[in-house]
Structure formats: C-alpha cells, structure tokens
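Below is one structure, written out as structure tokens, with a few remarks after it.
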Amino acid sequence: MTRKIFLLVWFVSQTSLCLVGGPLYAQTATTVSTQTTVTGTVTNEKGQPLPYASAYFKGSTDAGTADSSGVFSITTRLKGPQVLVLSAVGWKETEYPLVIEDYKHPLTFRLRPVENQLSTVVITAGTIEATNDRLLSIVKPVDVLSNASSTGDIVGAFQNFPGVQRNGGDQSGLFVRGGDATETMMILDGTTVQDPFYSAVPGVGQRSRFNSFQVKGMSFSTGGYSAKYGQALSSVLDLQSTDLPEKTTYSVGANIAGLMFAGSQKMDNNGLEYSGTYTNFGPYYALSKTNFDFYQKPENTNLSARWISKTNNDGLFKMSVNYGLGNSGTIVPDPNDPAITIPFGLHNENLAFNSSYKTPLTSKLRLFTAVGYSVNQDHIRWSDTLFNKHDERVQARSELTWRVADQFKVTTGGEIQHYTYAQRFDT
C-alpha cells in the first residue's frame, strides 16, 4: 500500500513539472524568435570600406562594430521605429531612421569626412583637458593646483610646459622659446594685463597676480595664434574668468604667512564675488631661513571684487576690480663695488579694472566687447637714490563673429590702446 501511494505522488509531481515547464519553454522559444539582426556596410564617399566603424541604436545598448571590410551586425529585440547611428573617428556621425519590422535587406552607409584645422600638439607634465579648440590647449584651475612645482600659481604651472624656459626663480615672467618676458602676452577676458606679476626686488622672482579660483579656463599657445593677439610675440596666455557662482559661499583661511577671506553671493541671474588677502612673510622666514637678506620682509595686501550678470538674451556681463599694495626691502650687492652691500626698498601700488560683455545677436552672429584700465606705481629706494616708476594703460576691444557653417566662421573687430610709461631717477 505504501509503495502504491509513493508511485502515485511521484507521478503527479512529474506531471506538474512537465505542465509548468512546458509553457516556460514555449515562452523562451518565442522570445528568442522575436530578435532581429540588422546588418550593413559602412564606407567612405568613394565606396571604400571603413573598418572598425561603430553602429548602435540610439537610446539603447544594442551596438556592433564593423570588421575589416566595413560590415557590421546588430542583434536586437527593439520594436517599431528606431534610429541607427553610424560613427567613425575622423568621419561625421550619421543617423538613419529605421522601422525594425520593415527591415529586410542589408544596408549601405557612406560617411562624410570631418574637416578639422590641425593645431599644435602640446604635451604637458600634468593632467590637461583634451578639447577640440581650434587654436589653443585648455587648462583647468585644478590642473594648476595639482602641479607640485607651481605652488598654486598659474604662470608657475605653465613654466613646466615644453618650450618654456625656467629662469631659476630669479626673474619674473614667462619665457617661451628664448623670448623675453615682454614677448609673452597675458590676456584676461579680452583685455591685456598690464602688470601680471607683483613688483620684484633684484634677484627674486615674483608670483602672478591671478587668482586660480577666479579663472575657469586658461588657453596657452607657443605659436600659431590668430591675428587678434597682435604680432612679434613668443606666446599668448589667454585667461577666461568664471561665470555666475553656483551658490552663495563664504570662506576664511589663515596660515603662518597671512590671512584670507573670500565669498560669493548668488542672486538669481546676478552674482557677486569678493576676496581679500594679507600676507607677511616675517613669521615664515623666522622659521624657514632664506638665502636673501630681507631687512623688511615681503608684505602684501590685496582686495578684489567681481560682478557677473546674465541678460535675458543669453548675454553675459562681467566687471572686476583689483587693488594691491606691497612693501619689501632687501640687501643687495653694490654694482660699483660687489664687496659692499646696499639696501633696496620697494613700495608698490596696483589698480586694475576690467569689464566685458558678450551676447548673441542672431543664431549665427555673436558680439563681444571689453574695456580695461590699469595703473601701477613703484616707489624704489636704492641706497640713497630714489626711483619712481609709473605705467598706465587704457584699452577697448570689440569683436563680431559670424559662424557661416559648422566648420567655418569669420571674426572681425577692432582694438584701441593708450599706454604710458614714466621713470624718474632721483630728482
């Protein structure tokens, strides 16, 4: 009796499994049968195959790669109208609408080449963002700060680039391919920076005045720049300041060499940024000895403010003001008798103003204008001799860019500058 009950239970369980498994098997077979394989060939304009071209359905992960003869194959379960995308390096991406159920025969696609102007390849020691910029290589502020030898200075980071000569730290400037520091033009938001470096005492190179956190992109060229930068230059360093701040922030910092504060205020389509720093290397040099004999340790005060406004027509207006005050004094050899030393004292004042506005006039026409003003004053005491240096620059620039096509644009404009320089010895 027990054996009959066991056989009956076993028969019922096996019958149930077959009944359940049958529909599962049928469903699986039906799913596989609904797959569609799309094949095609990718060629250039002359009908020559493009090996390793990519093909995929837009918005899905169904994709394939062409073989050496340009033939690709994609197996998909998609239904209805889809968009097939074909792409290859150096060729323009092509989209082809396709209804999966209507597909019957292999497809043939001819890709058009992409016209790109070749630019100088720049190899750097840091992490540089790769872009398709026509003229220059773009560097982000984080690249500057991550460069160990730059000490957070923009120009210090570019001194590691190929073609740039390091001067041992005894001179201020960016020396490119043997050119003088005056042959490197530095531009901020379209206007020339008159005094990009702090005034220096003999034998001590100075940092640049730029704040890395207020610069969103740095374009550096060691040749091959466009006509808008002028002539007789070894290099161009074009800086673009940041746009609207993302949010309202405040920050305060302190170290052994000084104090700093900074903040940004976000107000809908307007933004205000401000910062102030005070540095005094007296406490630092008391702990870390230097090879220079400073009878007055370097001391600097810097204040800056920026206003950014976004207009209704996607225009952007920027205005910035920077003021700096510095003092330092060192003992230097007498040029008339190297065995004797004399004091060299420096007092510097610098004021810089910059304003720019860019706006689209039409879908293909863009206007850019910029004005700038800067004044720098150095009061120097060399032993018993007094020196006064004064330089001043006023400038205005206007550019009109017409994008005729994706690969062609025309830029025209004008610029005017008035520059004065005066130096007085003794009386």
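Below, each value reflects all heavy atoms present in this structure, side chains not excepted, and no hydrogens, waters or symmetry copies.
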To the nearest 0.5 angstrom, please state how far the [atom1] atom of [X] sits from the [atom2] atom of [Y].
{"X": "Asn350", "Y": "Tyr198", "atom1": "CG", "atom2": "OH", "value": "9.0 Å"}
{"X": "Lys409", "Y": "Lys364", "atom1": "NZ", "atom2": "NZ", "value": "14.0 Å"}
{"X": "Leu244", "Y": "Lys310", "atom1": "CG", "atom2": "NZ", "value": "7.0 Å"}
{"X": "Ser398", "Y": "Leu367", "atom1": "OG", "atom2": "CG", "value": "5.0 Å"}
{"X": "Gln206", "Y": "Asn300", "atom1": "CD", "atom2": "CG", "value": "7.5 Å"}
{"X": "Phe317", "Y": "Asn269", "atom1": "CZ", "atom2": "CG", "value": "14.5 Å"}

Subject >> side-chain hydrogen bond (donor to acceptor under 3.5 Å, both in side chains) partners for Thr359, two or more places apart >> reply: Asn313
Does [X] reach the side chain of [Y], with side-chain heavy atoms less than 4.5 Å apart?
{"X": "Glu95", "Y": "Leu84", "result": "no"}
{"X": "Arg397", "Y": "Phe368", "result": "yes"}
{"X": "Gln82", "Y": "Lys58", "result": "no"}
{"X": "Leu400", "Y": "Leu361", "result": "yes"}
{"X": "Ser199", "Y": "Asn376", "result": "yes"}
{"X": "Leu346", "Y": "Asp378", "result": "yes"}
{"X": "Met186", "Y": "Phe197", "result": "yes"}
{"X": "Phe281", "Y": "Thr290", "result": "no"}

Minimum heavy-atom distance [X]-[Y], with the two atoms named:
{"X": "Glu45", "Y": "Arg110", "value": "O-NH1, 3.4 Å"}
{"X": "Leu316", "Y": "Thr311", "value": "N-OG1, 4.4 Å"}
{"X": "Ala254", "Y": "Leu259", "value": "CB-CD2, 3.5 Å"}
{"X": "Ile74", "Y": "Ala55", "value": "CD1-O, 3.4 Å"}
{"X": "Ser60", "Y": "Leu78", "value": "OG-CD1, 3.8 Å"}
{"X": "Tyr285", "Y": "Lys297", "value": "CD1-CD, 3.7 Å"}

Does any donor atom in the side chain of [X] or [Y] lie under 3.5 Å from an acceptor atom in the other side chain?
{"X": "Thr37", "Y": "Thr75", "answer": "yes"}
{"X": "Tyr103", "Y": "Thr39", "answer": "yes"}
{"X": "Tyr250", "Y": "Gln265", "answer": "yes"}

Subject >> Residues which pass ring-ring contact (aromatic ring centres under 6.0 Å, His included) with Tyr274, listed by chain and number, not counting sequence neighbours >> reply: none
**OP:** Evaluate the criterion side-chain contact (heavy atoms from CB on, under 4.5 Å) for residue pair Thr43 and Gln48; output intermediate values, then yes/no.
**Re:** CA-CA 5 Å; Thr43 66; Gln48 300 171 341; 5.8 Å; no
List the atom pairs, with distances to 0.1 Å, where a side-chain N or O of residues 318-325 and a protein N or O form a donor-acceptor pair under 3.5 Å, not counting sequence neighbours.
unit_1, atom_1, unit_2, atom_2, d
Lys318, NZ, Ser241, O, 2.8
Lys318, NZ, Ser241, OG, 3.3
Lys318, NZ, Asp243, OD1, 2.9
Tyr323, OH, Glu349, OE1, 3.1

Subject >> Worked check of side-chain contact (heavy atoms from CB on, under 4.5 Å) between Val89 and Tyr52 >> reply: CA-CA 9 Å; Val89 177; Tyr52 313 115; over 6 Å; no
Original post:
When you look at Val371 and Thr369, which way does the side-chain contact (heavy atoms from CB on, under 4.5 Å) test go after all the steps?
Top reply: CA-CA 7 Å; Val371 295; Thr369 59; over 6 Å; no
Subject >> Evaluation steps, side-chain contact (heavy atoms from CB on, under 4.5 Å), between Thr242 and Glu273 >> reply: CA-CA 10 Å; Thr242 55; Glu273 295 181 350; 3.9 Å; yes
Check for a donor-acceptor pair, side chain of [X] on one end and backbone N or O of [Y] on the other, with a separation under 3.5 Å.
{"X": "Glu101", "Y": "Gly80", "answer": "yes"}
{"X": "Asn348", "Y": "Gln377", "answer": "yes"}
{"X": "Asp391", "Y": "Gln194", "answer": "no"}
{"X": "Thr248", "Y": "Lys266", "answer": "yes"}

Original post:
Taking the inter-plane angle between the rings of Phe292 and Phe294 on a 0 to 90° scale, is it parallel (under 30°), tilted (30 to 60°) or perpendicular (over 60°)?
Top reply: tilted
Original post:
Near Asn255 CG, under 6.0 Å, is it more than 12 heavy atoms from other residues, nucleotides or ligands?
Top reply: yes
**OP:** For atom NZ of Lys79, decide whether the heavy atoms of other residues, nucleotides or ligands shown that lie under 6.0 angstrom number more than 12.
**Re:** yes
